[in-house]
Amino acid sequence: MDIFYKVIALLGGLSMFLYGMRLMGDGLKSSSGGAMKKALARVTDA
C-alpha cells in the first residue's frame, strides 16, 4: 500500500504543477496583450 500512496502523491503533485503552469501562461497572455504580439512579430520578421 505504501507504493500506492507514493504514486498517488506523485500524480497529484504533477497535476498541480501542470495546472499552475497553465494558469501562469494564461495570466501572461492576458497581461501582455498586444505588446507581446508586436514584439514577437518584429523579432520573427527580421
Side-chain angles (χ1 to χ4, degrees):
M1 282 304 251
D2 189 42
I3 191 79
F4 176 74
Y5 291 120
K6 287 182 181 179
V7 169
I8 294 297
L10 176 69
L11 292 176
L14 182 61
S15 64
M16 288 176 61
F17 174 75
L18 292 174
Y19 179 68
M21 290 294 288
R22 183 178 179 112
L23 281 178
M24 186 176 69
D26 291 345
L28 285 173
K29 282 182 195 175
S30 66
S31 68
S32 65
M36 181 67 86
K37 286 183 183 179
K38 288 179 186 176
L40 286 174
R42 251 185 271 141
V43 171
T44 56
D45 286 342

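What you are looking at is a predicted structure, and each value in this text was computed from that prediction instead of being measured. Side chains are part of it too, since the values below use all heavy atoms of this structure and drop only hydrogens, waters and symmetry mates.
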A.B. asks: Which atom pairs, donor and acceptor, lie under 3.5 Å between side-chain atoms of residues 3-17 and protein residues at least two apart or in another chain?
C.D. replies:
unit_1: S15; atom_1: OG; unit_2: L11; atom_2: O; d: 3.2
unit_1: S15; atom_1: OG; unit_2: G12; atom_2: O; d: 2.8

A.B. asks: Do any side-chain atoms of residues 19-28 form donor-acceptor pairs under 3.5 angstrom with protein atoms, and if so which ones, sequence neighbours left out?
C.D. replies:
none

A.B. asks: Tell me, which pairs form a salt bridge (charged side-chain N to carboxylate O under 4.0 Å, His left out) where one or both residues lie in residues 11-21, sequence neighbours left out?
C.D. replies: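 Listed once each, the pairs would be none.
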